[in-house]
S.K.: 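Take a look at this one; I'll ask things after.
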Amino acid sequence: MDKNPEIIEQIINDLNDAQRQAVCAPAAQHQLVLAGAGSGKTRVLIHRIAWLSQVEDVSLYKQLAVTFTNKAAAEMRQRLSSLLNLSLSGLWVGTFHGLAHRLLRIHWHEAQLTQHFQIIDSDDQLRLIRRIVKDLQIDDKAYPPKQMQGEINRYKERCIRPQHIPAPQNTYEQICLEIYQRYHNHCQRSSLVDFAEILLRAYELLEAHPPLLTHYRQRFSHILVDEFQDTNQLQYAWIQLLLGEQGRLFVVGDDDQSIYGWRGAQADNLQKLQTDLKGIELIRLEQNYRSTGMILDAANALIKHNDKRLGKQLWTAGDKGQAIQIYHGVNAEDEARFIVERIQSWTEKQAGRDYQQCAVLYRTNALSRLLEEKLLQKQIPYRVYGGLRFFERMEIKDTLAYLRLLLNKDDDSAFERVVNHPPRGIGGRSIEQLRAIARGQGLSLWQAAEQAIKTEAFAKRSLSAIGKFLSLIQNLAGENEELSALTHKVIHQSGLWQHFKQKKQETEQMRLDNLEELILATESYETDPDTPMSDLQAFLSDTVLDAGEGQSSSDNAVQLMTLHNAKGLEFPLVFLCGMEEELFPHRMALQAPQGLEEERRLCYVGITRAMQQLYISHVESRRLHGNQLYPRPSRFLLEIPQELLEEVRLQTPVNLYQQYGNYQAKVAKDTPNNLENWIGQRVQHPRFGEGMVTDQEGAGKAARIQVMFYQNGAKWLVLEYAQLEKLP
DNA sequence: GTCGGACCAGTTTTT
DNA sequence: CTGGTCCGAC
């Protein structure tokens, strides 16, 4: 290959030393790049691919780049093609699921699938499991379908098939196994594949077919993985399998930004690489190009409270910037009002600042409501991230289910969804009878329906309705139309359009709009020319695998999102609200073994989103789930050194640290041996009622505690005389 | 088949 | 307090 000095220049030009060291490492070397927030990790990954292809003669064709989200994959593709200014054909860039899916489409037969296998999302998966739990007459209180879904996915993530499970130790295991087995059989019969299954199948496919494995190992001499801290056990195994002895791995990740432990991600996989891959080199990217010094100092100080880190310290060559502003609100309304005011004054203060540069981050979605209210009041445009996505809407999923059924009549999940939707006189009773036939003879619902008609198994009326449904689908399936025309036909001939049109409500109008949008989407849909799938098949897979977040984000609006959603993004002005114990760290998260540390990482992610200015707010009282809370400020707030913080004072001058103190320091200082920590304890007082301890001082007879009483406000009490009763 | 009321649960979410 | 789901009545 021609080595173009100009391009090489571009590849290494604007890199700092650590980045360059990573990008230009020998091709034969495994690399682990520990990349802090805002240190240019995606950049390093892209430039590495370019370097390999331009300097090391590892053609793009021999590289495999893996990400977690489609967004990241698309970004990588785009940036790479503009860097190299050449076609990227041959390069595999994609998500774990996208790539595994591709393998399955090519080798469907070896993977023991049918050619028309379909992907189901977690929603469909849950439906199916519900159905199975019901059919087995299992108590869904003792075995909640949601939980069973978790168990099944966890099995799959550990590469465990039903037949691998040894004799169950207890009833719970046994029931889980039973459900898993049924679920698996059902999916296999209906040719359905869930998310975890895509990965597991692809893994088993390669494992069971040595020639295939050899082929892909030879083809992909270099594998590059983004956000490695988010890999789960199966993904890790997948990478290892594909690497073999010869393959070389290049990985970027940040153990401090591992926030998906609760769904199986194992940040330890980063450490694991160091033992599993001989000679892997670790490079740290610690220079940050995003935030001010103050913000980075706060983030560094916070994350230091975590154990078991690979360890790194962010720094910047830029300004120290402004202190982090702390706002202590009276209640959530006050907090929201404050945030909105600050957004307004911040944007007005300087030309060139606009709303989309402002983000409000929160731990739980429930907190967005009041913010929305206030923003609406002030007529400030905003956008809330994460809600139902387009392809998850009911009417869209209905249409897609029809399309699925056209491709594969044995797709029971699709059959059940649309057989009576819109209503066409096939009620629960008829469906139950079909199910019985299907179960009894090992047929799909479609086959059962055909059979029922042939044998006139039940009431004429139902049979004729079923017959009409079958011929509707058959006629549609017989069409040899373009994808968009077909979709149009499905929407109209199925009666969906009519169904929604009859109703005059606003939501129904929206549904019609969505259906039109779906047709538009099919019109502009372009199938990848070298996919082995038909247009329809490709479209269906894409809608599940890439739910397409990217809706008109071009408008200038304040960004509202959860901390999880904010990962990977950056904003000049950031608000972190609801910084309160129980809420953040979240009460539920503390139940998990490493819960607190993950919450702290989440906070670290939040802080490091801010480029110029960060506000953190917490309130004295907050209504949540209908009850009034009087939360203490989050411990995370107290883990940030005071000199980096500046309290925003409005009318009421209250000093957070006078009022609450750094309780950890306080407890350490005032509690030589014997005084227990009361802070956080809920108590009952004979006169003042219920409250929560917010501070304490002294020991023995001098011990005093401050209690925030729910009815009577804050009081200092001498512990010895207060007659307090501890509440759970 | 649709509507209304009772009941219940309630972190985080991409694929 | 909310939103979703389930069940019984028309």
S.K.: Going by the rule ring pair (Phe, Tyr, Trp, His ring centres under 6.0 Å), which residues pair with A:F539 if we only count those two or more places apart in sequence or in a different chain?
M.R.: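 Only A:Y525 meet the ring pair (Phe, Tyr, Trp, His ring centres under 6.0 Å) criterion with A:F539.
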S.K.: Can you work out whether A:L602 or A:I426 has the more 5'-proximal nearest nucleotide on DNA chain B?
M.R.: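 So the residue in question is A:I426.
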S.K.: Does A:N565 make a side-chain N or O approach to OP1 or OP2 of B:dT12 shorter than 4.0 Å?
M.R.: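 Looking at the OP1 and OP2 atoms of B:dT12, neither is under 4.0 Å from any side-chain N or O of A:N565.
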S.K.: A:T562 side chain N/O closer than 4.0 Å to the phosphate oxygens (OP1, OP2) of B:dT13?
M.R.: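 Looking at the OP1 and OP2 atoms of B:dT13, one of them is under 4.0 Å from a side-chain N or O of A:T562.
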S.K.: Less than 3.5 Å apart, which donor and acceptor atoms pair up between the side chains of residues 133-142 of chain A and the rest of the protein, not counting sequence neighbours?
M.R.:
{"unit_1": "A:D135", "atom_1": "OD1", "unit_2": "A:R131", "atom_2": "NH2", "d": "3.4"}
{"unit_1": "A:D139", "atom_1": "OD1", "unit_2": "A:K141", "atom_2": "N", "d": "2.9"}

S.K.: On a whole-Å scale, what distance lies between the P atoms belonging to B:dT13 and C:dG4?
M.R.: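 It comes out at 16 Å once rounded to the nearest Å.
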S.K.: Treating primed atoms plus P, OP1 and OP2 as sugar-phosphate and everything else as base, which nucleotides of nucleotides 1-10 of chain C get B, S or - for protein heavy atoms under 4.0 Å?
M.R.: BSS-------
S.K.: Would you mind classifying the nucleic acid contact of A:D230 as base, sugar-phosphate or nothing, using non-hydrogen atoms under 4.0 angstrom?
M.R.: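 If one applies the 4.0 Å heavy-atom cut-off, A:D230 turns out to touch nothing in the nucleic acid.
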S.K.: Between A:R632 and A:E581, is there a donor-acceptor pair closer than 3.5 Å when you use the side chain of the first and the backbone of the second?
M.R.: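 Checked: no pair found.
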S.K.: Check every atom of B:dT11, B:dG1, B:dT13 against the side chain of A:R263 and return the nucleotide holding the closest atom.
M.R.: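 Of the candidates, B:dT13 comes closest.
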S.K.: Do A:S122 side-chain and B:dT13 base share a donor-acceptor contact under 3.5 Å?
M.R.: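 There is none.
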S.K.: Could you work out which one of B:dT15, B:dT12, B:dT2 sits closest to the side chain of A:H499?
M.R.: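 Between B:dT15, B:dT12, B:dT2, the one nearest the side chain of A:H499 would be B:dT2.
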S.K.: Taking OP1 and OP2 of B:dT11, is either one under 4.0 Å from a side-chain nitrogen or oxygen of A:N365?
M.R.: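 For A:N365, the contact criterion (side-chain N or O under 4.0 Å from OP1 or OP2 of B:dT11) is not met.
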S.K.: Any side-chain N or O of A:N232 below 4.0 angstrom from OP1/OP2 of B:dT15?
M.R.: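 Result: no.
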S.K.: Rounded to whole angstrom units, what separation is found between the CE atom of A:M588 and the C1' atom of B:dT11?
M.R.: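 One finds 7 Å between C1' of B:dT11 and CE of A:M588, rounded.
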S.K.: Taking the side chain of A:N70 as its heavy atoms from C-beta onward, which of B:dT15, B:dT12, B:dT14 lies nearest to it?
M.R.: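 Out of B:dT15, B:dT12, B:dT14, the nucleotide with an atom closest to A:N70's side chain is B:dT15.
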